[in-house]
Amino acid sequence: MRIAALFLLTLFLASLFSGLLPDGFPAPDVWFLLVAVLTPRLRPAWALVAAFLIGAFADLAGGGYLGLLAVGLLFAAYAFLVLSSRLHLEETLGRTAILVGAYLAKWAGVFLVVYALGLFLVGPFDFLGLVLGEAALTALVAPLFLMAAKAILKEEGHAG
């Protein structure tokens, strides 16, 4: 039930940010933050399935290309699982490295879908501006979202 509340909060924030920010300005990726919060709390196979389904929902809700964010979040969850097996999630530096690595993996998955579908309608510098803008806003929103998620999911443990 608490995960559903966090999902609804994420949906609200995604809608709020996309509505408040001017056109052409990337909104923070709160869907990525939701996947980053849920991945260590689920078994690995379920974390990958959940990441894909969250991405597919975000694609449908956002009106974008179906599968773009789904594959990106799947890559992010996989990178999160791999990096968290090698780094310590409890330490600040380890958590930061895991989140940055998962975020870069998300964009690798997005670029893979863009390349496979031949969607290169804009130049690479436009993509770089999008990635950097979204990364900056996501980094600003991340501490508040992660604190809210910790408060909402306070009694739930990690998957074993």
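Worth knowing before you read on, the calculation uses all heavy atoms, side chains too, and leaves out hydrogens, waters and symmetry mates. No experiment lies behind these values; they were computed from the predicted model shown.
In this structure, CZ on Phe75 lies 13.5 Å from CG on Leu104, to the nearest 0.5 angstrom. Here the CG atom belonging to Leu74 is positioned 10.5 Å from the CG atom belonging to Leu112, to the nearest 0.5 angstrom. For the atom pair CG (Leu8) and CG (Leu13), the distance works out to 11.0 Å, reported to the nearest 0.5 Å. Taken to the nearest 0.5 Å, the CD1 atom of Ile98 stands 10.0 Å off from the CG atom of Leu81. The distance from the CG atom of Leu48 to the CZ atom of Arg43 is 14.0 Å, given to the nearest 0.5 Å. In this structure, Leu69 CG and Leu73 CG are separated by 4.0 Å, a value rounded to the nearest 0.5 Å.
Taking both residues in full, the closest heavy atoms of Leu66 and Ala56 are given as CD1-O, 4.1 Å, listed atom of the first, atom of the second, then distance. The heavy-atom pair separating Ala102 from Leu83 by the smallest distance is N-CD1, 4.2 Å. In plain terms, the two heavy atoms of Ala27 and Leu21 that are nearest each other are CA-CD1, 3.5 Å. Summarising the geometry of Ala77 relative to Val35, their closest heavy-atom pair is CB-CG1, 4.0 Å, with the distance given to 0.1 Å. Across all non-hydrogen atoms, the minimal contact from Pro26 to Glu134 is CG-N, 3.6 Å. The two residues Ala105 and Ala79 have their closest heavy-atom pair at CB-CB, 3.4 Å.
Using a 4.5 Å heavy-atom threshold, the side chains of Phe145 and Leu6 count as touching. Using a 4.5 Å heavy-atom threshold, the side chains of Val141 and Phe17 count as touching. Counting heavy atoms from C-beta outward, Leu33 and Pro28 have side chains that stay 4.5 Å or more apart. Thr39 places none of its side-chain heavy atoms less than 4.5 Å from the side chain of Leu89. Trp31 has its side chain within reach of Phe7: a pair of non-hydrogen atoms, C-beta onward, lies under 4.5 Å apart.
Leu146 and Leu144 fall into different hydrophobic clusters, where Ile, Leu, Val, Met, Phe, Trp and Tyr are joined by side-chain heavy atoms under 4.5 Å apart, directly or via other members. A chain of hydrophobic side-chain contacts below 4.5 Å, direct or via other Ile, Leu, Val, Met, Phe, Trp or Tyr residues, connects Phe12 to Leu20. Ile54 and Leu16 fall within the same hydrophobic cluster, defined by Ile, Leu, Val, Met, Phe, Trp and Tyr side-chain heavy atoms under 4.5 Å apart, directly or through other members. Hydrophobic cluster membership is shared by Leu117 and Leu130, with clusters built from Ile, Leu, Val, Met, Phe, Trp and Tyr side chains linked at under 4.5 angstrom.
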| Trace of the side-chain contact (heavy atoms from CB on, under 4.5 Å) decision for Phe25 with Leu137 | CA-CA 10 Å; Phe25 206 76; Leu137 287 178; 3.5 Å; yes
| task | Any chance you could lay out the side-chain contact (heavy atoms from CB on, under 4.5 Å) test for Val37 and Thr10, step after step, and finish with the verdict? | result | CA-CA 11 Å; Val37 167; Thr10 307; over 6 Å; no
| request: Under the side-chain contact (heavy atoms from CB on, under 4.5 Å) rule, what do Tyr65 and Val114 come out as? Steps first, then yes or no, please. | output: CA-CA 9 Å; Tyr65 291 103; Val114 166; over 6 Å; no
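Taking the six-membered ring where the residue is Trp, Phe111 and Trp107 present tilted rings, their angle falling between 30° and 60°.
For Tyr78, the ring-ring contact (aromatic ring centres under 6.0 Å, His included) criterion is met by no residue, not counting sequence neighbours.
Remark: side-chain polar atoms of Ser85 are paired, donor with acceptor, to backbone N or O of Val82 under 3.5 angstrom. Between the side chain of Asp59 and the backbone N or O of Ala70 there is at least one donor-acceptor pair closer than 3.5 Å. The main-chain N or O of Ile152 is found under 3.5 Å from a side-chain atom of Arg2 such that the two form a donor-acceptor pair. Looking at Thr138, its side chain does come within 3.5 Å of a backbone N or O of Asp29 through a donor-acceptor pair.
Atom CG of Leu93 sits in a sparse spot, with 12 or fewer heavy atoms from other residues, nucleotides or ligands closer than 6.0 Å.
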